Chemist: 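Below are the C-alpha cells for one structure; questions will follow.
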Amino acid sequence: MADYLLYVLGAFVLIQLFYYFYFFTRLAFYGKNTNYGGALPGITVLVCAWNERENLEELLPLLDAQEYPEFEVILLDDRSDDGSEEFIRENINQWKNIRYIRINDQFDHITPKKYALTVGMKQANYPVALMTDADCRPASVHWIAAMASHVNDEKDIVLGFSPYEKRSGLLNWFIRCETFYTAVQYLSFSLAGLTYMGVGRNILYKRSLFFANKGFYTHRRIFGGDDDIFMNEAATSTNAAISIEPESFAYSQPKTTWSDWYRQKQRHLSVSRFYRTRNKILLGLLSGSHVAVWTAGIATLAVGIWENNIIVMAGVGIIFGVRWVIQLLLLILINIKLGKTVEWATFLFMDFALYVYYLIFGLITLTKRKPRTSWN
C-alpha cells in the first residue's frame, strides 16, 4: 500500500514540476526592462469609487502628480454619500489632470462598477485606459509611464502587479502570500501566451479592444470579472504584455479581518467558473495537484510509519525535498522581481497554507452563488 501511494505522490509532483519548468521559469528569468524612450500613448486613468473619501484624499494628489507627457484621471463616483462629492468639488481646481464624473443611477441590466467603467471608457479622451482602485497607491511618479511603456502595435494589454501593504499578523502574511502566488501564475501564464486574468487594481488596455469585445456585455450582471472574465474574452496568445518593474506597482490596502477577507475571496473566486475551459483545466490541474501532493504525501508518510517502512518514509522526504528545492529557487527569483513582497524564509509555510486554502475554497467555488449587484 505504501509503495503504491509513493508512486501516486511522485506522479502529482511531476505535474507540479511541469508547471514550475514550463510556466514559472518564464517569469523567474524574465529580463525585459522599462523603456521610457520613444512615443508613449495618451493615457486615461480610470478610478471607480463608492464611499472612498479618505482614500481619495490620498490617492488623487498622487495620481495628479504623475510624470507623464499626456494623461488624464477620471474619477467615477458611484453614488457616494460619505462626502466624496463635496471633497472633490472643493478641491478639483487645484488638480490639473483630474476629471470628475458623478454617477447617480443604478441599472438592473449591469452591475454598478461595470457601468461606471463603461461610462469612463466612453468619456475618456485618450486611446489607452489604465485602471486602479481608490484604495491603491502608485509606487512612484512613473507608474503610468512604466505601465504604458509596454504598449505597442502588437500589445493591447499590460498586466501589472498590485501587492498588498505589509503589516503585522497572520492574516496580512497570508494575504501577501496568496496575492504573490496568484501573480506568479497569471504573469507566468501570460508570458506563455495564455493570459487568463489581470487585477483591476493595476491593469491597462486599449479602449479599442474594450469596444471591439463589446465591453462587459457577456458578463454585465456578474459582480466582479471586469478584469479576469474580460481578459478571458479579450486576450490572445500575442496581444498581452506584463510590467513587473518596481515603479509600475500599485500597492493596495489589505483586509484587516478574516471575515472581510473571506467575503472578498468568495467574490473573486466565484467568477472563475466563467473562464475559458482551457484556463479552468490548467488552473484546476495546478491547484488540484498542489492539494494532491500534500494529501498523498501525508497519507504515504502515515502508512510508511504504520508499516515501519523506512524506504517509503525516505522516499517521501526525497520527493518533497526535490519539489521544495526547485520551488524555492524559482519563487525566490520571482519574489526579487516582485519587490520581495513575501519573506522568502516563509515559503515552505506558504506552501502548506496554500494547500489548506485550495482545499477549502476549491469546495466553495463548486457551489452556486447569487451574484452581488452592489459595492457593499
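Remember, predicted model here, so these are calculated numbers, not experimental data.
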Chemist: Step by step, work out the salt bridge (Lys or Arg N to Asp or Glu O under 4.0 Å) result for Arg102 and Asp77.
Modeler: CA-CA 5 Å; Arg102 170 77 179 186; Asp77 176 14; 2.9 Å; yes

Chemist: Ring centroids only, cut at 6.0 angstrom: are Phe107 and Tyr115 within range, meaning strictly under it?
Modeler: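 Centroid distance Phe107-Tyr115: below 6.0 Å, so yes.
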
Chemist: Take Arg276 and Glu233 through the salt bridge (Lys or Arg N to Asp or Glu O under 4.0 Å) test and state the conclusion after the steps.
Modeler: CA-CA 8 Å; Arg276 292 177 182 175; Glu233 296 178 344; over 6 Å; no

Chemist: Look at the side chain of Asp64 and the backbone N and O of Leu60, then say whether any donor-acceptor pair between them is shorter than 3.5 Å.
Modeler: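 It does not hold such a pair.
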
Chemist: Output yes when Arg323 and Asp351 qualify as a salt bridge under the 4.0 Å nitrogen-oxygen rule, no when they do not.
Modeler: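 Counted as a salt bridge, because a side-chain N and a carboxylate O are separated by less than 4.0 Å.
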
Chemist: Ring centres under 6.0 Å, that's the criterion: do Phe189 and Phe23 meet it?
Modeler: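 Under 6.0 Å, so yes.
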
Chemist: Would a line drawn from the ring center of Trp294 to the ring center of Phe320 be shorter than 6.0 Å?
Modeler: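 Yes.
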
Chemist: Can you establish whether the number of heavy atoms outside Trp324 located under 6.0 Å from its atom CH2 is more than 12?
Modeler: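 More than 12 within 6.0 Å, yes.
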
Chemist: State whether a side-chain donor-acceptor pair under 3.5 Å links Glu245 with Ser243.
Modeler: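 Side-chain D/A pair, Glu245 to Ser243: present.
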
Chemist: Taking C-beta and beyond as the side chain, do Gln185 and Met197 meet within less than 4.5 Å on heavy atoms?
Modeler: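 Not in contact.
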
Chemist: I'd like to know whether CD1 of Ile311 has more than 12 heavy-atom contacts from other residues, nucleotides or ligands below 6.0 angstrom.
Modeler: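 No, CD1 of Ile311 has 12 or fewer neighbouring heavy atoms, counting only those of other groups under 6.0 Å.
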
Chemist: Mind running side chain to side chain donor-acceptor pair (under 3.5 Å) on Asn55 and Gln253 for me, showing each step along the way?
Modeler: CA-CA 10 Å; Asn55 281 319; Gln253 299 177 21; 3.1 Å; yes

Chemist: Could you tell me if Arg220 sits above the aromatic ring of Phe216, with its cationic atom closer than 6.0 Å to the ring centre and no more than 45 degrees from the axis?
Modeler: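 No, Arg220 does not sit over the ring of Phe216.
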
Chemist: Can you say whether the rings of Trp261 and Phe174 are parallel (under 30°), tilted (30 to 60°) or perpendicular (over 60°)?
Modeler: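 Rings of Trp261 and Phe174: perpendicular, over 60°.
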
Chemist: Which residues pass the ring pair (Phe, Tyr, Trp, His ring centres under 6.0 Å) test with Trp173, not counting sequence neighbours?
Modeler: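 By the ring pair (Phe, Tyr, Trp, His ring centres under 6.0 Å) rule, Trp173 matches no residue at all.
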
Chemist: If the condition is ring pair (Phe, Tyr, Trp, His ring centres under 6.0 Å), which residues does Tyr164 pass it with, not counting sequence neighbours?
Modeler: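 Tyr164: no ring pair (Phe, Tyr, Trp, His ring centres under 6.0 Å) contacts found.
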
Chemist: Verify the ring-centre separation between Tyr262 and Phe361: is it less than 6.0 angstrom?
Modeler: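 Yes, close enough.
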
Chemist: Indicate yes or no: at least one non-hydrogen side-chain atom of Asp260 is less than 4.5 angstrom from one of Arg263.
Modeler: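 Side-chain contact under 4.5 Å: yes.
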
Chemist: Within a 6.0 Å radius of atom NZ on Lys166, are there more than 12 heavy atoms belonging to other residues, nucleotides or ligands?
Modeler: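 Atom NZ in Lys166 is not crowded, with 12 or fewer foreign heavy atoms closer than 6.0 Å.
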
Chemist: Please indicate whether Tyr7 has more than 12 foreign heavy atoms, meaning atoms of other residues, nucleotides or ligands, lying under 6.0 Å from its OH.
Modeler: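 Count not over threshold, so no.
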
Chemist: For the pair Glu343 and Arg176, find out whether any cationic side-chain nitrogen is under 4.0 Å from an anionic carboxylate oxygen.
Modeler: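 Answer for the salt bridge query: yes.
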
Chemist: For Glu85, is there any backbone N or O sitting under 3.5 Å from a side-chain donor or acceptor partner on Arg53?
Modeler: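 It does not hold such a pair.
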
Chemist: Are Tyr357 and Phe352 close enough that their ring centres sit under 6.0 Å apart?
Modeler: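 Not under 6.0 Å, so no.
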
Chemist: Taking the six-membered ring for Trp, are Phe210 and Phe230 parallel (under 30°), tilted (30 to 60°) or perpendicular (over 60°)?
Modeler: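 Because their plane-to-plane angle lies in the 30° to 60° range, the rings of Phe210 and Phe230 count as tilted.
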
